[in-house]
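Here is the structure we will look at.
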Amino acid sequence: MRILVVGAGAIGGYFGGRLLQAGRDVTFLVRPRRAAELASAGLVIKSPNGDVTLKAPPTVEADKLKDKFDVVLLSCKAFDLDDAIKSFAAAVGPDTAIIPMLNGMKHLDTLDARFGKERVLGGLCAIAATLNEKREVVQLQPMQAISYGERDGKPSDRVKAIDEAFKSGIVGATASQNIMQDMWEKWVFLSSLAASTSLMRTSVGNILAAPGGRDFLLGMLDETSAIATASGYPPGGPFFERVKGNLTTEGSPMTASMFRDIKAGLPVEADHVIGDLIARGDAAKVPVPKLRIAYTHLKAYEKQRAG
């Protein structure tokens, strides 16, 4: 099975690196600067689950991409999706399976329109990782998971083959027959955390310590959950209780990566993570006043950043 990993940043570098470490046929689609870094220093992973340095990992640049691949693992940010599609389109053949690990749902429509729905699986990952100043992949916590599956929930030979390949190198790899539910539940948690910590510009613990903080956090969770329910994917009991616990843990340092991107002056996925959720809420006539305030805040940040 030939696997093309689009990018070798924190997420693509980690999961692709673990597959390469396990002897899988992995190629990283990268820009010239990253190709030079990997050729010189290798792909270095620093992790609580074990460090590894993969010397001269296979790479290809977009203008030299000609071969078709069995799997395309896509982990870019939403605002880079159009450019990413242009870069890997040549690798997609009649039997290629694309596994997107982007947040939300909007990207599925974009990928379906370009490649056909039959080529696009559901997918998600959960990992805290970053690139350090040496451009090494650093996993910040032991937790890691990646899930994938047919969007109609039916088992398939291609997902079985992908599962066998991924399980050989990635702890926490799972073939899911409920991938759309899984994706919606992640979106509920992510959007609640991102909207709250970005709007308040601080951690969950500090929000809870403020007057009205608990009601604010739980109110945000209620809004996102109501949209998921109206869309046909009500958050499950154990999931909801776990997320509620995460958002009500006193002293918690938890923040969303969106908030950390704001602090660093970086682009954010305002439209993909929050804006699209509001649009779905509007379509279902679900009131979302807290999400609207958070979205206005994020769009004002984008305007300020662009100026």
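Quick note: residue numbers are just sequence positions, from 1.
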**OP:** Could you tell me the separation between the CD1 atom of Ile162 and the OG atom of Ser156, rounded to the nearest 0.5 Å?
**Re:**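 Answer for the CD1-OG pair, Ile162 versus Ser156, is 7.0 Å.
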Original post:
Between atom NZ of Lys290 and atom CG of Leu217, what is the distance when rounded to the nearest 0.5 Å?
Top reply: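 If I round to the nearest 0.5 Å, the distance is 10.0 Å.
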Kindly indicate whether the side chain of [X], heavy atoms from C-beta on, has any atom under 4.5 Å from the side chain of [Y].
{"X": "Phe166", "Y": "Thr174", "value": "no"}
{"X": "Leu29", "Y": "Ser87", "value": "yes"}
{"X": "Gln177", "Y": "Glu150", "value": "no"}
{"X": "Leu193", "Y": "Met254", "value": "yes"}
{"X": "Lys77", "Y": "Pro267", "value": "no"}
{"X": "Phe189", "Y": "Phe239", "value": "yes"}
{"X": "Phe15", "Y": "Ile127", "value": "yes"}
{"X": "Asp261", "Y": "Glu269", "value": "no"}

**OP:** Might you point out which heavy atoms bring Val188 and Pro235 nearest each other, and give the distance in Å?
**Re:**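 Of all heavy-atom pairs spanning Val188 and Pro235, the closest is CG2-CG, 4.2 Å.
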Could you state whether [X] and [Y] fall into the same hydrophobic cluster, counting links through intermediate Ile, Leu, Val, Met, Phe, Trp or Tyr residues with side-chain heavy atoms under 4.5 angstrom apart?
{"X": "Ile227", "Y": "Ile274", "answer": "yes"}
{"X": "Leu121", "Y": "Ile146", "answer": "yes"}
{"X": "Leu73", "Y": "Ile179", "answer": "no"}

Would one find more than 12 heavy atoms of other residues, nucleotides or ligands at under 6.0 Å from atom [atom1] of [X]?
{"X": "Lys117", "atom1": "NZ", "result": "no"}
{"X": "Arg31", "atom1": "CZ", "result": "no"}
{"X": "Asp157", "atom1": "CG", "result": "no"}

Would you check if the side chain of [X] reaches a backbone N or O of [Y] as a donor-acceptor pair within less than 3.5 Å?
{"X": "Asn132", "Y": "Glu136", "answer": "yes"}
{"X": "Lys186", "Y": "Cys125", "answer": "yes"}
{"X": "Gln144", "Y": "Val171", "answer": "yes"}
{"X": "Arg2", "Y": "Val71", "answer": "no"}
{"X": "Thr248", "Y": "Lys244", "answer": "yes"}

Original post:
Would you say the side-chain atoms of Gln139 and Tyr14 include a donor-acceptor pair closer than 3.5 Å?
Top reply: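 Looking only at side-chain atoms, Tyr14 and Gln139 do form a donor-acceptor pair, the distance falling under 3.5 Å.
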Original post:
Are Asp282 and Arg292 close enough for a salt bridge, meaning some N to O gap below 4.0 Å?
Top reply: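 A salt bridge links Asp282 with Arg292.
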**OP:** Could you walk me through whether Glu37 and Arg34 pass side-chain contact (heavy atoms from CB on, under 4.5 Å), step by step?
**Re:** CA-CA 5 Å; Glu37 291 171 352; Arg34 188 60 171 149; 3.0 Å; yes
Original post:
Which residue pairs satisfy the side chain to side chain donor-acceptor pair (under 3.5 Å) criterion with at least one member in residues 213-230, sequence neighbours excluded?
Top reply: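 Of all non-adjacent pairs touching residues 213-230, those that pass side chain to side chain donor-acceptor pair (under 3.5 Å) are Ser192-Thr224.
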Original post:
Can you list the residues that meet the ring pair (Phe, Tyr, Trp, His ring centres under 6.0 Å) rule with His297, with sequence neighbours excluded?
Top reply: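 Expected list: none.
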**OP:** Among Leu4, Leu81, Ile99, Val5, find the residue that satisfies the side-chain contact (heavy atoms from CB on, under 4.5 Å) test when tested with Leu74.
**Re:**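 Passing option: Leu81.
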**OP:** Could you label the plane-to-plane angle of the His107 and His272 rings as parallel, tilted or perpendicular, counting under 30° as parallel and over 60° as perpendicular?
**Re:**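 Tilted.
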